A.B. asks: 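Quick one: the structure is below, questions incoming.
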Amino acid sequence: MLTHIEQSIAVATQSALKDLYQIVVPIADIQIQETNEEYLGDFTLVLFPFIKLLRKAPALLGDEIGKSLIALVPQMQSFVRVQGFLNITLKPAYWNNWLYKNPLQIRLVNERQKVMVEYSSPNTNKPLHLGHIRNNLLGYSVSQILKKQGHDVIMANLCNDRGIHISKSMLAWSRWGNGATPESTGKKGDHLVGDYYVMFQTEMKKERNIIMQNENIEETAADNKTQMMKDCRALLLKWEAGDEAVRSLWETMNSWVYAGFDETYKRLGVHFDKFYYESNTYLYGKEIIQDGLERGVFYKKDDGSVWVDLTDEGLDHKILLRSDGTSVYMTQDLGTAQQRFDEYNLDKMIYVVGNEQDYHFKVLKLVFKKLGRTWWNNIFHLSYGMVELPTGKMKTREGTVIDADDLITEMEVTAADESNKTGKTEDLTAEEFIKLVHQIALAAIKFFLLKAGPANAIIFNPAKSIEFQGFTGPYLQYSHARIKSILRKVEEVEIIKLSAEEIENYDMVIEEKNLIQQLHKHEQILNIAADNLSPASLSNYLFELAKSFSSFYDKCSVLREENLIKRAYRLKLTSITATLLFDYSKILGIDLPERM
RNA sequence: GACCUCGUAGCUCAGUUGGAUAGAGCAACAGCCUUCUAAGCUGUGGGUCGAAGGUUCGAAUCCUUCCGGGGUCACCA
């Protein structure tokens with residue numbers, strides 16, 4: 001993925017190779033990269049492949065190609081060869097002109113795609129925790145990245161609102177709830193329902209332990225033998241039969257949970273264009289199974305269950321329909337995927353789901369492949385690692401789950417403390433202060449979760465909590481606030497307009513150049529983040545950018561600069577940096593306040 | 001058992017898809033506020049990239065084997 005100027009150098013290299021040595025090298029094989037900091041230069045052309053191909057001495061080859069490039073690329077100033085690397089320096093005018101010519105504009109993608117991103121997908125029997133936050137932030141920011149590229153994105157949420165887990169909360173509430181409601185208890189609905197889910201597990205465990213002792217059987221087997229599980233299954237059957245009382249309770253409890261989720265989503269700053277409910281979709285997919293059977297893609301066992309043979313793809317046989325004719329997870333996912341591609345004519349379907357389901361999505365794609373769907377390979381699983389504690393996985397029953405609401409509140413308190421320490425926000429109104437503290441807390445959480453590559457597990461240490469210094473969200477906010485502080489102090493009319501000549505001839509100092517070069521990469525980074533479905537690329541970039549700015553800020557004064565050309569140029573540089581930081585942080589869901 | 005995935009500084013993580021002497025942040029240490037916001041800047045120390053082989057001009061990155069962590073392989077979702 002090359003920037004505009006890198007592309008120009010690559011094309012010039014191609015034609016130089018053709019003219020000089022009569023060889024044709026595909027652009028993709030020409031390696032251009034940023035020059036390492038220890039060396040002089042802006043971009044580096046890697047010569048090794050040509051050295052090998054042409055069996056020429058590196059010195060001679062580098063010299064010949066370098067000279068040709070200077071003739072072909074007007075922005076080029078000089079070159080130096082080090083071993084097999086040709087380090088190219090561009091004219092300062094190139095950078096200066098770039099800065100003044102719509103630097104923030106990005107080329108929209110040629111093909112505007114319709115993409116659905118499914119994320120969050122909560123169970124409606126307990127509140128959201130830190131792992132869900134990671135999911136939400138990934139889904140949200142990937143959606144924003146694709147939108148920024150110019151795609152048409154639908155953010156979807158599939159609520160797992162039925163099944164045995166919901167029945168557990170319902171059963172416990174009926175038995176021990178005494179009619180408790182969010183209003184009567186003052187509890188957030190999702191937490192209230194979650195409490196009954198936990199209560200069910202606790203009570204069931206007591207019963208289970210007795211059975212385990214008496215009958216000397218395993219845990220899961222004993223679970224299934226408890227009266228409570230039997231009652232629970234009976235409840236689920238009633239639900240499926242449409243029993244009015246059960247349905248009514250189910251609707252009531254779910255509405256509490258949704259109200260609670262809604263609040264948490266708002267605090268997190270994520271939202272959805274479309275909600276799907278499993279209670280509506282759980283019967284989907286049976287037509288697909290039937291179709292596959294008729295066409296011989298699937299097969300039926302004697303007991304009536306339907307399977308697909310994926311051994312030719314290196315996988316196993318996978319069940320698609322139970323022997324009693326009811327759906328499994330895969331059945332509904334086949335159904336909903338088909339429905340979505342039909343309804344929206346999607347170019348891409350992205351599922352943001354934890355890596356424990358890697359196998360599931362591999363199978364999902366392959367089943368569609370076998371069915372001959374042309375779009376089977378347009379299904380993407382944005383797989384992400386778990387958020388773990390230093391002691392291991394978060395476990396509900398051990399009380400080691402980091403609750404989403406609690407974490408946000410805790411971070412807000414910390415942010416308020418930090419802010420009070422500096423004394424810079426004393427003149428804010430209470431309302432402004434609360435908003436600021438919320439923005440800072442969220443920035444810390446979001447950046448913490450988004451700076452890691454999605455594939456990797458994240459270790460969260462509650463004792464250390466989340467940092468506000470260094471490679472963090474608040475650092476971005478702080479950098480931005482300093483810029484804004486400068487910009488607030490200068491009137492629009494004060495800024496002199498530089499002539500084309502003054503711009504072209506501006507003599508940058510090293511900090512200014514580093515900052516421009518960081519800014520220069522923004523579009524390339526956006527494309528990398530989109531291609532890899534990885535907001536982490538963007539997080540890392542924004543940190544680098546903010547760091548370049550901080551160095552610049554430290555070395556180069558803006559307002560106190562007496563040379564008016566320098567002053568104007570630096571104001572331009574700072575304001576572009578502010579806008580870029582602001583816009584791209586927004587993509588990550590991070591707000592940058594005016595001051596902090 | 002089979003398959004997937006990860007293993008990089010004391011800790012938390014990057015590493016542009018095979019390029020130059022492996023980078024950040026935190027923690028430690030040393031400097032820098034009368035100067036645009038010190039939630040900051042500058043510097044120092046810290047590494048057998050899990051181990052061993054292999055591929056080639058060149059490997060943290062690709063291949064093989066082994067060691068270690070996690071995950072999946074349910075007529076659960």
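Per chain, numbering begins at 1; letters A, B, ... match sequence-line order. Computation of the quantities below employed the complete heavy-atom set of this structure, encompassing side-chain atoms and omitting hydrogens, waters and symmetry-equivalent molecules. Every value quoted in this text rests on a predicted model; they were computed, and no experiment measured them.
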A.B. asks: Under 4.0 Å between a side-chain N/O of K555(A) and OP1 or OP2 of U42(B), yes or no?
C.D. replies: no
A.B. asks: Specify the separation, in whole Å, of atom CD1 of I440(A) and atom C1' of U37(B).
C.D. replies: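 Atom-to-atom, I440(A) to U37(B), this comes out as 12 Å.
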A.B. asks: What is the distance, to the nearest angstrom, from the CZ atom on R233(A) to the P atom on A77(B)?
C.D. replies: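 About 13 Å, once rounded to whole Å.
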A.B. asks: Looking at F552(A), is K513(A) sitting on its ring face, NZ or CZ under 6.0 Å from the six-membered ring centre and within 45 degrees of the normal?
C.D. replies: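 No, K513(A) does not sit over the ring of F552(A).
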A.B. asks: Within the pair Y478(A) and A39(B), is there a side-chain N or O less than 4.0 Å away from OP1 or OP2?
C.D. replies: yes
A.B. asks: Within 45 degrees of the axis of the six-membered ring of Y384(A) and under 6.0 Å from its centre: does R134(A) put its NZ or CZ there?
C.D. replies: no
A.B. asks: Just name whichever nucleotide pairs with A2(B), Watson-Crick or G-U, keeping both distances under 3.5 Å, else none.
C.D. replies: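 A2(B) is paired, partner U72(B).
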A.B. asks: Look through every strand shown and name the nucleotide pairing with A22(B) as Watson-Crick or G-U wobble, where both distances are under 3.5 Å.
C.D. replies: none
A.B. asks: Does E313(A) form a salt bridge (charged side-chain N to carboxylate O under 4.0 Å, His left out) with K362(A)? I'd like the steps, not just the answer.
C.D. replies: CA-CA 10 Å; E313(A) 299 280 357; K362(A) 208 179 271 182; over 6 Å; no
A.B. asks: Which value, in whole Å, describes the distance between the P atoms of nucleotides G50(B) and C11(B)?
C.D. replies: 14 Å
A.B. asks: Over all strands shown, is K547(A) touching base, sugar-phosphate only, or nothing at heavy-atom distances under 4.0 angstrom?
C.D. replies: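 Here K547(A) touches the backbone only, sparing every base.
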A.B. asks: Scan V328(A) against the nucleic acid and name what it touches under 4.0 Å (heavy atoms): base, sugar-phosphate only, or nothing.
C.D. replies: sugar-phosphate
A.B. asks: Thinking salt bridges, do K435(A) and E432(A) make one under a 4.0 Å N-O criterion?
C.D. replies: no
A.B. asks: Tell whether T35(A) reaches the base of A20(B) with its side chain through a donor-acceptor pair below 3.5 angstrom.
C.D. replies: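 A donor-acceptor contact between them is absent.
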A.B. asks: Considering only heavy atoms, which members of residues 450-465 of chain A lie under 4.0 Å from some atom of RNA chain B?
C.D. replies: A452(A), G453(A), N456(A), A457(A), I458(A), I459(A), K464(A)
A.B. asks: Using the P atom as the reference point in each nucleotide, state the distance between A77(B) and U65(B) in Å, no decimals.
C.D. replies: 36 Å
A.B. asks: Testing R208(A), K168(A), K205(A) one by one against D223(A) for a salt bridge (charged side-chain N to carboxylate O under 4.0 Å, His left out), which residue passes?
C.D. replies: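 So, applying the salt bridge (charged side-chain N to carboxylate O under 4.0 Å, His left out) to D223(A) and each of R208(A), K168(A), K205(A), only R208(A) qualifies.
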A.B. asks: Should G40(B) form a Watson-Crick or G-U wobble pair with both distances under 3.5 Å, which nucleotide is its partner?
C.D. replies: C32(B)
A.B. asks: Describe the nucleic acid contact of S537(A) in one word from base, sugar-phosphate, nothing, applying a heavy-atom distance below 4.0 Å.
C.D. replies: nothing
A.B. asks: Mapping Q524(A) and E356(A) onto RNA chain B by nearest heavy atom, which one lands closer to the 5' end?
C.D. replies: Q524(A)
A.B. asks: Are any of R595(A)'s side-chain N or O atoms less than 4.0 Å away from OP1 or OP2 of C36(B)?
C.D. replies: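 No, R595(A) has no side-chain N/O under 4.0 Å of OP1/OP2 on C36(B).
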A.B. asks: Sticking with atom P, work out how far U55(B) lies from A59(B), rounded to a whole angstrom.
C.D. replies: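 12 Å, rounded to whole Å.
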A.B. asks: Taking only side-chain N and O atoms of S551(A), does any of them lie within less than 4.0 angstrom of OP1 or OP2 on U42(B)?
C.D. replies: yes
A.B. asks: For atom C1', what is the distance between G25(B) and G69(B), given to the nearest Å?
C.D. replies: 24 Å
A.B. asks: Side-chain N or O of R322(A) versus OP1/OP2 of A74(B): is the shortest distance under 4.0 Å?
C.D. replies: no
A.B. asks: With a cut-off of under 6.0 Å to the ring centre and 45° to the axis, is K521(A) in cation-pi contact with Y541(A)?
C.D. replies: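 Ring-cation test returns no.
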A.B. asks: Side-chain donor or acceptor of N125(A) under 3.5 Å from a matching atom on the base of A77(B)?
C.D. replies: no
A.B. asks: Find the partner of G47(B): check Watson-Crick (N1-N3 plus N6-O4 or O6-N4) and G-U wobble (N1-O2, O6-N3) distances, both under 3.5 Å, and reply none if neither fits.
C.D. replies: none
A.B. asks: Taking the same atom, P, in C66(B) and in G1(B), what whole-Å distance lies between them?
C.D. replies: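 Looking at atom P only, C66(B) and G1(B) are 11 Å apart.
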A.B. asks: Below 6.0 angstrom between ring centroids: does that apply to Y197(A) and H165(A)?
C.D. replies: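 No - the distance between ring centres of Y197(A) and H165(A) does not fall below the 6.0 Å cut-off.
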A.B. asks: What interatomic distance, in whole Å, is found between C1' of G23(B) and the corresponding atom of G47(B)?
C.D. replies: 11 Å
A.B. asks: Does OP1 or OP2 of C41(B) have a side-chain N or O of Y475(A) closer than 4.0 Å?
C.D. replies: yes
A.B. asks: Tell me whether H317(A) at atom NE2 has more than 12 heavy atoms from other residues, nucleotides or ligands lying less than 6.0 Å away.
C.D. replies: yes
A.B. asks: Given atom OH of Y384(A) and atom C1' of G71(B), what is their separation to the nearest angstrom?
C.D. replies: 14 Å
A.B. asks: For S305(A), which contact category applies under a 4.0 Å heavy-atom criterion: base, sugar-phosphate, or nothing?
C.D. replies: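 Answer is base: heavy atoms of S305(A) come under 4.0 Å of a base.
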A.B. asks: Just N and O in the side chain of K52(A): are any of them under 4.0 Å from OP1 or OP2 of C57(B)?
C.D. replies: yes
A.B. asks: Taking atom C1' in both G18(B) and C62(B), what distance in whole Å separates the two?
C.D. replies: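 G18(B) and C62(B) have their C1' atoms separated by 8 Å.
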A.B. asks: Taking the P atom of each, how far is U35(B) from A27(B), in whole Å?
C.D. replies: 25 Å
